[in-house]
Participant: 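First the structure, then my questions, so here it is.
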Amino acid sequence: FSVALRCHGKRCRPFAHSTLSKAIPRPTLIAPSPLVKIQKRYAAQAGASNGTWRPVSVLDEWVAKEARPISLRQLMVFGRSLTESRLISSANYVRTELPVRIAHRIRDMQQLPYVVVTNPHIEEVYQLYYKAFDTFRKFKEIKTLEDNEKFCEVISQNLKGHLTVIPKLAMGILECGRLMDPKELDHFMNVILRSRISRRVIAEQHLSLTETFNSPYFSPGATLSESDFIGEVFIKCFAKDVISRCAKAVTQLARSTNGPQVQVPEVKIDGHLNASFPYILSHLEYIVGELLRNSVQAVIDRHQQQPDHASSPPPPIEVTICEAQEHVIIRISDRGGGIPRDELPYLWSFSKGPQSQKRLENLGQVPRMAATMQELHVTDELGRADLKAPTYLGSLSTLTSRPPNLRLGMGLPLSRVYAEYWAGSLNLHSLEGYGVDAFLQISRLGNKNEQLTTRASMDA
Ligand code: COI
C-alpha cells in the first residue's frame, strides 16, 4: 500500500489509510475515491496467484490500451478528401481514443501522494476527468451522420466544461509545491497538459471536419487547395505572417497595460521570410505571442529606467527565421536586460518560483482558461463564427476572462509544452544585464507524431 502513497518529497510520508481517513473527511465523490481504487487494485494484484498483473476495474482495462498518436500530415491526408465514411471513422477514432488518453492521466492522478490528490483543485479535475472518461467509453459505435451529430454535441460540452482545468491544475500544483518534489510535480503537470492538448486537438479536429462536411459549400471527396485549413491544420503556415500578427497584437496589449504614451519596441523580422510549414495556427500564436509579450515588456521596463528614455526609442526586438531541411527555427532576441538571477532556476516550473504566492492569487481570478484556443471562436461584426481568425488577442481578453496584465507564470512552461507536443523545442539563453534570446524549433514537414510523453529537457 505504501506504493500508492509513493513519497516523492521529503515532507510527505506514507500513512496508514485508517489514520488518513480519520484526519481528512472523505469528499463526496461521483467516481470511486482514487485511494479506494488503488487499494483494490493493489490488493487484487497481491492476490493474483501467478503473480502477473490482471485488470480489476474498467479503468485498468483502458489504462492497458496504448494511445495511437497521429501526425499533422496524417490529419491532413485524412481530412483532405472528406467523405461520409471518413467522417464516421474519424468519429470512432476520437470515441475510442479519448477514453484511453484520459484513463492514462486518471491513473497518474491516482498515483500522486494522497495529500496531493485530495487537494480540492486537483480533486475537481479528477472528477471532471472521471466523468468524461465514463461518458466517452460508454458512447456506442457511431454508424450514421445522426450518431455523429450527437457525438459532436457531447464533445462540445466536454470541451467547454474542461475550460476550468488549467487554472485548477495550476492552483493545485502551486498549493502542493511543498508536499512533493517540485520536479515530480512539474513532470506530472507537463504530462497532463500535453495529454490535454492532444485530446483537444483530436476532438476539435473532428468537430472541424464535421463542420466542413455540413457546410452547404462542401462537396464530398473534393480536394482542398494548398492555402486552406484541413480541419484545424493550417497547411501552409508562414512564420513571418504569424510573427507579424502576434507583434501587432502584443503592441496593442502593451499600450493598453502600460498606457498609450508608452514607447513600444519595434519588432523586426528577417531571415527566411518565405518559410512555411503545416501547423495548428493557435498553437504557434500562443508560443510566439507569449515570447513576444515577455520581450516587449522587458524592453519597455528597462527602457523606462534609462535617464534619456524620453528622447530615444527603445531598442527593437529582432526576430530571425531560419529554414533548415527538417526544421524551422525562430529566434527572438531582445535587449530587455536578461532574466533576473533568482528567477532563472524556475523558468520552466509550474510548481515553484519566487512569485508563487502572487501567481496563486492571480490564478484565483481566472475561472476559465483556454489551452489550445481553437475554442476561441471569434465572431465577426455580423456575428458569424470566424474560426480561422487570429485568436491571440481574443485569447487574452475574452474567453480566458484574464486581465491582460495579470501574470500567471504559466506562459513559458506552457509554451514549451506546446512546442514539444509537435516534436519541436523551446529554449532560452539569458545574457545577464543585456537581454534574452529565445529559440523556438518547429518540425517543418509535419511528419512527426504528437509527443505524448515528455522529453529529457522537461524532466531536467
Ligand atoms: C480537456 O480539455 O481536458 C479534455 O480532456 C477535453 C476532452 C474531454 C474533449
Side-chain angles (χ1 to χ4, degrees), residues 30-31 58-59 62-63 65 67-70 75 90-110 112 117 121-139 142 148-173 188-211 231-232 280 282-283 286 350 363 366-377 387 391 395 399-401 410 413-414 417-418 421 450 452-453:
I30 302 164
V58 179
L59 187 76
W62 286 86
V63 169
K65 297 180 197 201
R68 289 177 292 158
I70 35 98
L75 288 178
S90 161
N92 283 309
Y93 168 74
V94 176
R95 180 183 66 87
T96 50
E97 192 65 12
L98 284 178
V100 173
R101 294 185 186 200
I102 301 173
H104 291 164
R105 301 296 67 89
I106 293 176
R107 177 52 39 87
D108 286 353
M109 295 179 96
Q110 291 178 339
L112 289 170
V117 81
H121 306 297
I122 307 270
E123 167 88 38
E124 235 179 280
V125 174
Y126 181 86
Q127 293 300 343
L128 271 176
Y129 278 7
Y130 214 102
K131 202 162 159 238
F133 164 70
D134 241 12
T135 308
F136 285 108
R137 83 176 168 87
K138 286 181 180 156
F139 207 98
I142 294 146
N148 184 44
E149 287 306 314
K150 287 188 195 122
F151 183 58
C152 288
E153 261 169 50
V154 174
I155 295 180
S156 301
Q157 281 161 9
N158 274 276
L159 285 171
K160 217 161 137 208
H162 284 223
L163 278 174
T164 56
V165 163
I166 293 195
K168 292 267 169 247
L169 275 176
M171 282 195 282
I173 291 300
F188 165 79
M189 192 68 168
N190 276 309
V191 174
I192 206 160
L193 286 176
R194 199 185 281 215
S195 170
R196 180 175 189 266
I197 294 172
S198 82
R199 295 191 304 271
R200 293 184 86 93
V201 163
I202 59 172
E204 285 160 349
Q205 179 71 4
H206 180 66
L207 289 187
S208 212
L209 291 183
T210 302
E211 199 180 326
E232 292 297 320
I280 300 216
S282 59
H283 291 189
Y286 184 89
F350 288 100
L363 274 161
V366 182
R368 308 184 314 157
M369 199 164 137
T372 64
M373 283 175 287
Q374 281 97 313
E375 66 258 40
L376 297 169
H377 289 185
L387 298 180
T391 51
S395 74
L399 259 179
T400 64
S401 11
M410 296 188 59
L414 191 53
V417 175
Y418 275 117
Y421 169 64
E450 325 160 80
L452 296 174
T453 52

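When a ligand or atom number is given, it counts from 1 through the structure's own listing order. Every value quoted in this text rests on a predicted model; they were computed, and no experiment measured them. Numbers for residues simply follow the sequence, beginning at 1.
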Participant: Can you say whether the rings of Tyr130 and Tyr126 are parallel (under 30°), tilted (30 to 60°) or perpendicular (over 60°)?
Facilitator: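 Rings of Tyr130 and Tyr126: tilted, as their planes differ by 30° to 60°.
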
Participant: What's the shortest distance from atom 4 (C) of ligand 1 to any protein heavy atom, and which residue and atom give it?
Facilitator: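 Going atom by atom, the protein heavy atom closest to atom 4 (C) of ligand 1 ends up being His162 ND1, 3.4 Å.
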
Participant: Within the 4.0 Å heavy-atom shell around Arg200, which atoms of ligand 1 are there?
Facilitator: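 So the atoms of ligand 1 that pass are 1 (C), 2 (O).
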
Participant: Within the 4.0 Å heavy-atom shell around Arg199, which atoms of ligand 1 are there?
Facilitator: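 Under 4.0 Å from Arg199, ligand 1 has these atoms: 1 (C), 3 (O), 4 (C), 5 (O).
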
Participant: Using side-chain hydrogen bond (donor to acceptor under 3.5 Å, both in side chains), reason through Glu123 and Gln127 one step at a time and then give a plain yes or no.
Facilitator: CA-CA 6 Å; Glu123 167 88 38; Gln127 293 300 343; 3.2 Å; yes

Participant: Taking the six-membered ring of Tyr129 as reference, does the NZ or CZ atom of Arg199 fall below 6.0 Å from its centre and within a 45° cone about the axis?
Facilitator: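 Flagged: Arg199 positioned over aromatic ring of Tyr129.
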
Participant: Which of the atoms in ligand 1, numbered in the order shown and given with their element, are less than 4.0 Å from a heavy-atom of Tyr129?
Facilitator: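 It comes down to these atoms of ligand 1: 3 (O).
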
Participant: So do Ser195 and His104 actually touch side chain to side chain, heavy atoms under 4.5 Å?
Facilitator: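 The answer is no, as the side chains (C-beta and beyond) never meet within the 4.5 Å cut-off.
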
